[in-house]
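Since the structure comes first, as structure tokens, the remarks are kept for the end.
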Amino acid sequence: MTEPSEPSFSTEVQPADAPGALGQAAGLLAQGHLVALPTETVYGLAADARSPDAVARIFEAKGRPADNPLIVHVDSVGMARDCVAAWPSAAEKIAEQFWPGPLSLVLPKAVTVPDIVTAGGATVAVRCPAHPVMRGVLAKCGFPLAAPSANRSNRLSPTRAEHVVDQLGGRIPLVLDGGACDLGIESTVLDLTGDTPTLLRPGMISLGQLQAVLGGVVSAKLSAGIGPLKSPGLLPRHYSPRAKLVVCGDLTAALGQAGEATHVIARKSSPNAWPSERWHRLPDDPDGFARELYDTLHRCDRLGAETILVQALPSAPDWAALHDRLNRAAGT
Ligand code: TXA
Ligand code: MG
């Protein structure tokens with residue numbers, strides 16, 4: 001585990017649409033500094049992907065284990081191809097359909113990608129993001145940006161600039177504030193290096209959508225046991241709030257035993273007897289739920305929640321990525 005560095009910056013938070021903000025970010029990145037900025041999924045902590053020293057700062061600021069590889073963000077298929085040693089037809093088809101967007105592709109890495117980016121591995125994850133702020137910064141930089149989610153290691157991903165400041169304030173020079181992220185959970189990660197395309201991390205681009213384009217795609221859970229763990233984001237406890245999170249099949253029964261510091265996340269309104277400030281109602285559709293989930297978990301943490309009870313989600317396939325994130329947050 002890399003120990004987090006001591007705070008040594010006064011972190012500036014700039015509205016992303018302020019005059020010169022994107023240029024300021026690109027200037028810092030070109031000098032090897034870190035910048036946190038919004039993408040359509042979650043906020044990322046970016047560094048020049050070509051520079052081992054710049055990328056090392058990401059691991060320090062996050063306290064990220066050195067064996068957890070980073071996603072490289074690109075502005076085009078052309079830039080993606082510069083980062084990989086092979087661009088199979090499956091990558092071409094997927095990029096045509098889903099880029100720019102919330103999908104990362106794992107491919108053999110080009111020799112030019114520093115080892116620290118891929119945690120010493122022979123593969124690299126590449127993603128072409130859709131968010132105009134991230135795209136604007138990439139365009140000004142002209143080089144790829146390594147960017148994990150802009151949180152301390154193992155904590156919840158940030159979906160607002162203030163979540164980034166809570167976790168990384170004092171450790172990075174600049175946060176571009178682009179408001180709340182549209183999608184709210186991290187990208188789908190698809191591994192194209194094996195015989196069969198393998199879903200390593202579910203996201204808002206679903207297994208079904210990938211299968212519709214590629215035919216056979218397996219989920220990493222089905223292939224578990226075939227090889228070594230390919231993605232640390234698959235570890236059971238990840239993406240967690242500080243509070244203990246419990247998914248409740250029978251919410252009414254759980255409420256009966258709940259203590260003072262218990263918050264509830266549900267897709268329905270609170271029973272009359274329950275204090276409204278400890279009841280967080282989220283939309284009853286996967287897109288709306290994803291958009292608000294992390295913000296709500298961050299708020300529960302800020303309000304001092306010890307336990308968060310979450311109403312169990314529907315079992316329909318379009319909720320799959322949210323099941324995944326709740327299970328990881330619960331450590332189950
Ligand atoms: O939506 C996202 O993907 C956000 C935004 C900022 O783009 N980024 C993000 O990065 O979630 P991070 O580092 O928090 O998660 C990246 C995941 C990790 O689980 C990592 O292990 C996996 O992708 N990963 C990265 N490179 C990989 C590789 N070469 N092989 C397998 N898994 C990889
Ligand atoms: Mg992360």
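The basis for the numbers below is simple: all heavy atoms, side chains too, and nothing from hydrogens, waters or symmetry mates. Both counts, for ligands and for their atoms, begin at 1 and track the order of listing.
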Q.
Any heavy atom of V106 closer to ligand 1 than 4.0 angstrom?
A. yes

The complete set of side chain to side chain donor-acceptor pair (under 3.5 Å) pairs with one or both residues in residues 273-283, sequence neighbours excluded, reads H263-H280

N/O of S187 under 3.5 Å from N/O of ligand 1, yes or no? yes

Worksheet item: Do we see a donor-acceptor contact under 3.5 Å between the side chains of N151 and R155?
Response: no

Ligand 1 atoms nearer than 4.0 angstrom to some heavy atom of L200 are 31 (C), 32 (N)

If you compare E40, H131, H73, R64 by their heavy atoms, the one closest to atom 7 (O) of ligand 1 turns out to be H73

Logged contact type for T118 with ligand 1, heavy-atom cut-off 4.0 Å, is neither

- Task: Indicate whether the side chain of E12 and that of Q24 have a donor and an acceptor atom separated by less than 3.5 Å.
- Result: yes

query: Considering residues, nucleotides and ligands other than D195, do more than 12 of their heavy atoms fall under 6.0 Å from its CG?
result: no

Honestly, for T41 the part within reach of ligand 1 (heavy atoms, under 4.0 Å) is side chain

inquiry  = Between R127 and T39, do the side chains contain a donor N or O and an acceptor N or O under 3.5 Å apart?
reply    = yes

Residue set satisfying side-chain hydrogen bond (donor to acceptor under 3.5 Å, both in side chains) with R299, at least two apart, ordered chain then number -> D295

message = Working note: E186 + T41, criterion side-chain hydrogen bond (donor to acceptor under 3.5 Å, both in side chains); need CA distance, chi angles, decisive distance, verdict.
response = CA-CA 5 Å; E186 306 82 357; T41 57; over 6 Å; no

| request: Give a yes/no on ligand 1: does P102 have at least one heavy atom closer than 4.0 angstrom to it? | output: no

For V42, the atoms of ligand 1 under 4.0 Å from one of its heavy atoms are 4 (C)

**N or O pair under 3.5 Å between N68 and ligand 1** = yes

Taking C-beta and beyond as the side chain, do L309 and T307 meet within less than 4.5 Å on heavy atoms? yes

Exercise for the section: Consider ligand 1: state whether an atom of it lies below 4.0 angstrom from any non-hydrogen atom of K109. Expected result: no

In ligand 1, the atoms that come under 4.0 Å of a heavy atom of A125 are 25 (C), 26 (N), 27 (C), 29 (N)

Which of S187, P129, P148 passes side chain to side chain contact (heavy atoms under 4.5 Å, CB included) with I71? It is S187

Of G44, P38, A147, the residue with the heavy atom nearest atom 8 (N) of ligand 1 is A147

### Message
S149 versus ligand 1: do any nitrogen or oxygen atoms come within less than 3.5 Å of each other?
### Response
yes

| query | Does P65 reach the side chain of S153, with side-chain heavy atoms less than 4.5 Å apart? | reply | yes

Judged by heavy atoms only, the candidate from K62, R127, M134, R201 nearest atom 15 (O) of ligand 1 is R201

Margin query: For residues L70 and L192: do they belong to one hydrophobic cluster (side chain heavy atoms under 4.5 Å, members Ile, Leu, Val, Met, Phe, Trp, Tyr)?
Written below: yes

A student checking ligand 1 against E186 at a 4.0 Å heavy-atom cut-off should list atoms 1 (O), 11 (O)

*Taking both backbone and side-chain atoms of T39, is any N or O found less than 3.5 Å from an N or O belonging to ligand 1?*
no

With respect to the Mg ion (ligand 2), please indicate if N151 possesses an N, O or S atom at a distance under 2.8 Å.
no

